[in-house]
Colleague: 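Supplied in structure tokens, the structure appears directly below.
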Amino acid sequence: MKHAINYTLIKKDPRTKARRGVLHTPHGDIQTPVFMPVGTQATVKAMKIEDVAGLGHEGCGLILSNTYHLYLRPGHELIKKAGGLHNFMNWNGAILTDSGGFQVFSLGPLRKITEEGVKFRSYLDGSSHMFTPEKSIEIQNCLGSDIMMAFDECAPYPADWHYVQKSLERTTRWLKRCKDYHRDWERQSLFGIMQGGVYKDLRAQSARQIVDLDLPGYSIGGLSVGEPKEIMYEVMDDCVDLLPADKPRYLMGVGSPDCLFEGVERGIDMFDCVLPTRVARNGLAFTSVGRVNIKNAKYFEDFGPLDPNCDCYTCRNYSRAYLRHLFKSEEILSSMLLSEHNLHFLVSTMEKIRKSIEEDRFLEYKKEFYDSYGEF
RNA sequence: GUGGGUGUCGUCAAGUGGCCUAAGACCCUGGGUUGUGGCUCCAGUAUACGUGAGUUCGAAUCUCACCACCCACC
């Protein structure tokens, strides 16, 4: 079977599990490790698409969007009519769509999980809907994303072993149904999702089952759902070793600067996270010298750039005092400038991580970054 | 000058004799945010009742004087 997505491993870090690779997609090659900005509603909030494309120094080629949200509004049929999601949102790069599985988890009180799928109520108008693995793939087929995610259940933290086991086995059965339903593998690839919570034996069980299905990529789900970071790192350590080395490994929902380094060090190739854009809209910037809460009074007359070591559009043109003013005034430009900076920061940090792996100095770069960043 | 009205945290504004060592909102200050139901959530600061005297067991609430501001008329 020919796949839309193919992974090439370029180099492995001699001292850690970090690795440098390329993800070949129908919409271009993606250098890994990679950070994907999130565009849930067919838009990366507060960003023009050309600015998303221009993030970092090499540009950004892969973003994430969401099956659940686009199904509810405007509807996947409309997007199909528009010529697919790429066309609809004017994005020439690659797209990965989440399956709606996470919403099953995050919209807890509005849903009911059965073997068949998930019945839930729309948060928009209260109407009742049924999501099944088949439905999720059908929608993602209409969207035309390069990478489709399997419809899974992301178990909450904490959750007891028995529940997580039942949940993971159902997720595997759902994955098989996703695989069986999908047809055009040359156009779109399907990634499987490992679950298993914080239990090592369950992670192993989940990994065995999904790897058996021989998919073009695998992701680690069910992390970063409220567990302490140390536990997340521990689980990550185990998880990566359970996945095949010749396939991309995607850690879902993770994207604080420190987690990116810790993930790469453990062998993760792909990350996505709403954090940079969400916190940007709330006045928080990630910078080379740590978090900058632009709301703070101390920036009232700080005419220096947001990040002294950043060359993004925001940092090249505006001062902290101006950004603080924009935020306090609730001006739209505040969200735009801070979002662009935060995304640029993560994307370009990932570029430097890639370079450091190529030059066998990943750990040195990590230390340098941590020393400059300070407290996370 | 005469008549009327109003004076409660930075602002707006509840409260009209005891449950007010005074609600709430905004502002302000700080924090949170990880496969986006959030231009959002959480927390904190201020001995604020114009001033002075009086009535009363008890006054932000009643009385008097004064002060300030607003309106109308001269």
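Sequence lines set the chain letters: A, B, ... in the order given, protein chains first and strands last, and positions in each chain run from 1.
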Colleague: Starting at atom CG of A/Leu284, determine the distance to atom P of B/rU36, rounded to an integer number of angstrom.
Modeller: 20 Å
Colleague: What are the two closest non-hydrogen atoms of A/Ile79 and A/Leu85, and how far apart are they?
Modeller: CG2-N, 3.5 Å
Colleague: How long is the line joining CG of A/Asp98 and C1' of B/rG37, in whole Å?
Modeller: 15 Å
Colleague: Rounding to a whole Å, what distance do you find between A/Leu338:CG and B/rU33:C1'?
Modeller: 14 Å
Colleague: With a 6.0 Å cut-off on ring centres, are A/Phe131 and A/Tyr71 close enough?
Modeller: yes
Colleague: Name the residue from A/Lys166, A/Arg173, A/Arg170 that meets the salt bridge (Lys or Arg N to Asp or Glu O under 4.0 Å) definition with A/Glu115.
Modeller: A/Arg173
Colleague: Write down the atom of A/Asp237, the atom of A/Asp241, and the distance for their closest heavy-atom approach.
Modeller: O-OD2, 3.2 Å
Colleague: Does B/rG35 have OP1 or OP2 under 4.0 Å away from a side-chain N or O of A/Gln103?
Modeller: no
Colleague: Pick base, sugar-phosphate or nothing for A/Asp272, based on heavy-atom distances below 4.0 Å to the nucleic acid.
Modeller: sugar-phosphate
Colleague: Run through A/Asn6, A/Asp214, A/Asp269 and flag the one making a side-chain hydrogen bond (donor to acceptor under 3.5 Å, both in side chains) with A/Lys247.
Modeller: A/Asp214
Colleague: Taking pairing as Watson-Crick or G-U wobble with both contacts under 3.5 Å, can you name the mate of B/rG10, or confirm there isn't one?
Modeller: B/rC26
Colleague: Can you figure out which of B/rG35, B/rU33, B/rG37 approaches the side chain of A/Met252 most closely?
Modeller: B/rG35
Colleague: Could you measure between the two P atoms, the one in B/rG32 and the one in B/rC71, and give it in whole Å?
Modeller: 49 Å
Colleague: Regarding A/Gly283, tell me which of base, sugar-phosphate or nothing describes its non-hydrogen contacts under 4.0 Å with the strands shown.
Modeller: nothing
Colleague: Please state whether the phosphate of B/rG31, meaning OP1 or OP2, lies under 4.0 angstrom from any side-chain nitrogen or oxygen of A/Arg291.
Modeller: no
Colleague: Quote, to the nearest angstrom, the C1' distance that separates B/rU6 from B/rC12.
Modeller: 15 Å
Colleague: With a cut-off of 6.0 Å (strictly less than), are more than 12 heavy atoms of other residues, nucleotides or ligands near NZ of A/Lys179?
Modeller: yes
Colleague: For B/rU2, what is the paired nucleotide under Watson-Crick or G-U wobble rules, both distances under 3.5 Å?
Modeller: B/rA72
Colleague: Mind checking the P distance from B/rA22 to B/rG44? Whole angstroms is fine.
Modeller: 15 Å
Colleague: Measure across A/Val52 and A/Ile63 and return the closest heavy-atom pair with its distance rounded to 0.1 Å.
Modeller: CG1-CG2, 3.9 Å
Colleague: Determine which nucleotide pairs with B/rC62, using a 3.5 Å limit on both distances of a Watson-Crick or G-U wobble pair.
Modeller: B/rG54
Colleague: Rounding to an integer number of angstrom, what distance separates B/rG58 and B/rG18 when you compare their C1' atoms?
Modeller: 6 Å
Colleague: The criterion is side chain to side chain contact (heavy atoms under 4.5 Å, CB included); which residues satisfy it with A/Ser348, sequence neighbours excluded?
Modeller: A/His57, A/His344, A/Glu351
Colleague: For atom NZ of A/Lys17, is the number of surrounding heavy atoms from other residues, nucleotides or ligands below 6.0 Å larger than 12?
Modeller: yes
Colleague: If I take atom CG in residue A/Leu124 and atom P in nucleotide B/rG38, what distance separates them, rounded to the nearest angstrom?
Modeller: 9 Å
Colleague: Is A/Asn66 side chain donor-acceptor paired with the B/rG35 base, going by distance under 3.5 Å alone?
Modeller: no
Colleague: Counting just side-chain N and O atoms, does A/His69 come under 4.0 Å of either OP1 or OP2 of B/rG37?
Modeller: yes
Colleague: Counting Watson-Crick and G-U wobble pairs only, both distances under 3.5 Å, name the nucleotide matched with B/rC39, or none.
Modeller: none
Colleague: For A/Tyr71 and B/rG37, what is the distance between atoms OH and P respectively, to the nearest whole Å?
Modeller: 17 Å
Colleague: With a 3.5 Å limit on both atom pairs, tell me what B/rU21 is paired to, counting Watson-Crick and G-U wobble, or say none.
Modeller: none
Colleague: Rounding to an integer number of Å, can you tell me how far A/Phe102 CZ sits from B/rG37 C1'?
Modeller: 11 Å
Colleague: Between B/rU45 and B/rG24, how far apart are the P atoms? Round to whole Å, please.
Modeller: 13 Å
Colleague: In residues 137-146 of chain A, what residues come within less than 4.0 Å of RNA chain B, judged by heavy atoms?
Modeller: none
Colleague: Is a side-chain N or O of A/Asn87 found less than 3.5 angstrom from the main chain of A/Ala82, in a donor-acceptor match?
Modeller: yes
Colleague: Give each protein N/O atom lying under 3.5 Å from an N/O atom of nucleotides 26-30 of chain B, with the pair distance.
Modeller:
| residue | atom | partner | partner atom | Å |
| --- | --- | --- | --- | --- |
| B/rU29 | OP1 | A/Arg324 | NH2 | 2.8 |
| B/rU29 | OP2 | A/Lys328 | NZ | 2.6 |
| B/rG30 | OP1 | A/Ala297 | N | 3.0 |
| B/rG30 | OP2 | A/Ala297 | N | 3.4 |

Colleague: Flag the pair A/Tyr370 / A/Phe261 as yes when their ring centroid distance falls below 6.0 Å, and as no otherwise.
Modeller: yes
Colleague: Could you give the CD-to-C1' distance, from A/Gln41 to B/rG35, as a whole number of Å?
Modeller: 15 Å
Colleague: For B/rG35, take OP1 and OP2 only and decide whether either is under 4.0 Å from a side-chain N or O of A/Ser99.
Modeller: no
Colleague: Rounded to whole Å, please give me the gap between CD1 in A/Ile63 and P in B/rU36.
Modeller: 13 Å
Colleague: Just call it for A/Ser256: base, sugar-phosphate, or nothing, with non-hydrogen atoms closer than 4.0 Å on any strand.
Modeller: base
Colleague: Choosing from B/rU36, B/rG37, B/rG35, which nucleotide comes nearest the side chain of A/Ser106?
Modeller: B/rG37
Colleague: When the P atoms of B/rC26 and B/rC70 are compared, how many Å lie between them, rounded to an integer?
Modeller: 30 Å
Colleague: For A/Thr277, which contact category applies under a 4.0 Å heavy-atom criterion: base, sugar-phosphate, or nothing?
Modeller: base
Colleague: Just checking A/Gln195: base, sugar-phosphate only, or nothing, at a heavy-atom cut-off of under 4.0 Å?
Modeller: base
Colleague: Measuring only the P atom in each nucleotide, how far is B/rA43 from B/rA25? A whole number of Å is fine.
Modeller: 11 Å
Colleague: So what does A/Leu223 touch, heavy atoms closer than 4.0 Å: a base, only the sugar-phosphate, or nothing?
Modeller: nothing
Colleague: Step through the shown structure and confirm whether more than 12 heavy atoms of other residues, nucleotides or ligands are within 6.0 Å of CD on A/Glu375.
Modeller: no
Colleague: Would you say A/Asn282 reaches B/rG38's phosphate, i.e. side-chain N/O to OP1/OP2 under 4.0 Å?
Modeller: no
Colleague: At under 4.0 Å, does any side-chain N or O of A/Arg278 touch on OP1 or OP2 of B/rU36?
Modeller: no
Colleague: Does the ring centre of A/His86 sit less than 6.0 Å away from the ring centre of A/Trp91?
Modeller: no
Colleague: Rounding to the closest angstrom, what is the interatomic distance between B/rG54 and B/rA59 at atom C1'?
Modeller: 11 Å
